[in-house]
Amino acid sequence: MRIATWNVNSLRSRIDRVEAFLARHDVDVLAVQETKAREDQLPLMGLQAMGYDVAVAGVNQWNGVGLISRVGLEDVQVGFEGMPGWGEPLAAESRAIGAVCGGVRIWSLYVPNGRKPHDPHYVYKLDWLQRLREAAGSWLDGETALVGDWNVCPTDEDVFDPAQFRNSTHVTPAERAAFHAFLEDGYAEVTRKHDPGYTYWDYYRQRFERDRGLKIDFVLASPALAARVTSAFVDREERAGAGASDHAPVVVDLASVVE
DNA sequence: ATGGTTGAACATCAA
């Protein structure tokens, strides 16, 4: 089974690229972030014609997430227990949607950006990650994937110029500790060893063309799922050209379950 | 420090 995660930066404006990506790589499940649309706003006919089911969450224009699956989409959950929201009118937002796809529970996550250290949104980000950790602890036993835009660079290797980011969000010790807490609990980040490259390049200043990016999109797998991972890669080509998202998709291959 | 680009409730906000 092949799963992928991609911050698409608007599913409506990117639908042609999404369909082409799914076909090009023969993807079974795609977790999307920054969908920026309600389900009733989405052109889903193309995806349905390709055999995919779709579930999305989130009503505001920035933070929506979704799952696109052709191997089942069962037990859909919008948000996780204890997930902190933000004030009105964003209270109805959701940054997490989970479902069982092909026997694997997959969570599509859009971790709060944080804006700037000490900003209320940064406090919210750390709180959100802590509450996710508490919920995720009870999912370790099964085959669980926590995928998406974590908005954290876990190491300096994940930043094109660490000096430039010294006073920025994504790299603070508290954010890195919040990310590593999942690893301490038993989750494994399964993409880095196969592809250490960046996953995000800002639209500003030709950052992609100069390969000045960040690695912030990750796939964390429970032990049973991590044991099934055979390969992974960042689809850098998807970031090139006109009409690209500012993130590239991350693809992970799972070995079939041996009967 | 600032600026640059993109998408959306679009001329302002968020990323």
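Letters go in sequence order (proteins before strands), and every chain restarts at 1.
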Q: With a 4.0 Å cut-off, would you call R236(A) and D211(A) a salt bridge?
A: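 A salt bridge is present here (some side-chain N lies under 4.0 Å from a carboxylate O).
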Q: Expressed as a whole number of angstroms, how long is the span from N113(A):CG to dA14(B):C1'?
A: 8 Å
Q: Considering only the C1' atoms, how many Å lie between dG4(B) and dA15(B), rounded to the nearest integer?
A: 13 Å
Q: Counting only distance, no hydrogens or angles, is the base of dA15(B) paired donor-acceptor with the side chain of Y200(A) under 3.5 Å?
A: no
Q: Rounded to whole angstroms, how far apart are CG on N63(A) and C1' on dG7(B)?
A: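 Checked: the CG to C1' distance equals 13 Å.
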Q: At 4.0 Å (heavy atoms only), tell me whether R207(A) reaches a base, stays on the sugar-phosphate, or touches nothing.
A: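 Result for R207(A) = nothing.
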Q: Taking CG from D161(A) and P from dG4(B), how many angstroms apart are they, rounded to a whole number?
A: 20 Å
Q: Does some side-chain heavy atom of W128(A) sit less than 4.5 Å from a side-chain heavy atom of L109(A)?
A: yes
Q: Roughly how many Å is it from CZ in F208(A) to P in dT5(B), rounded to a whole number?
A: 18 Å
Q: Ignoring backbone atoms, establish whether Q41(A) has a side-chain N or O less than 4.0 Å from OP1 or OP2 of dA9(B).
A: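 Answer is yes, contact under 4.0 Å.
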Q: If you find the nucleotide of DNA chain B closest to Q164(A) and the one closest to G243(A), which residue's nucleotide is nearer the 5' end?
A: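 Its nearest nucleotide being more 5', the pick is Q164(A).
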Q: Side-chain N or O of R115(A) versus OP1/OP2 of dA14(B): is the shortest distance under 4.0 Å?
A: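 Yes, within the criterion.
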Q: Identify the two heavy atoms, one from E19(A) and one from M50(A), that lie closest to each other, and give their separation to 0.1 Å.
A: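 Here E19(A) and M50(A) meet closest at O-CE, 3.4 Å.
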Q: Between dA9(B), dG7(B), dA15(B), which nucleotide gets closest to the side-chain atoms of R12(A)?
A: dA9(B)
Q: Between dA9(B) and dT5(B), how far is it from one P atom to the other, in whole Å?
A: 22 Å
Q: Which is more 5' along DNA chain B, the nucleotide nearest Y203(A) or the one nearest S10(A)? Just name the residue.
A: Y203(A)
Q: Let me know the distance between CD of E34(A) and C1' of dA8(B), rounded to the nearest Å.
A: 11 Å
Q: When you check the glycosidic angle of dA11(B), does it come out syn, meaning within 90° of 0, or anti?
A: anti
Q: Roughly how far apart, to the nearest Å, are dC10(B) and dT6(B) at atom C1'?
A: 12 Å
Q: Measure the distance from NZ on K116(A) to P on dA15(B) and round it to the nearest whole Å.
A: 11 Å
Q: Any chance the rings of F160(A) and F165(A) have centres within less than 6.0 Å?
A: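 They qualify: ring centres under 6.0 Å apart.
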Q: Once you round it to whole Å, what is the distance between P of dG4(B) and CG of D202(A)?
A: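 Atom-to-atom, D202(A) to dG4(B), this comes out as 13 Å.
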Q: Any chance the rings of Y200(A) and H170(A) have centres within less than 6.0 Å?
A: no
Q: Send over the distance from H170(A) NE2 to dA15(B) P, rounded to a whole Å.
A: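 Between P of dA15(B) and NE2 of H170(A): 9 Å.
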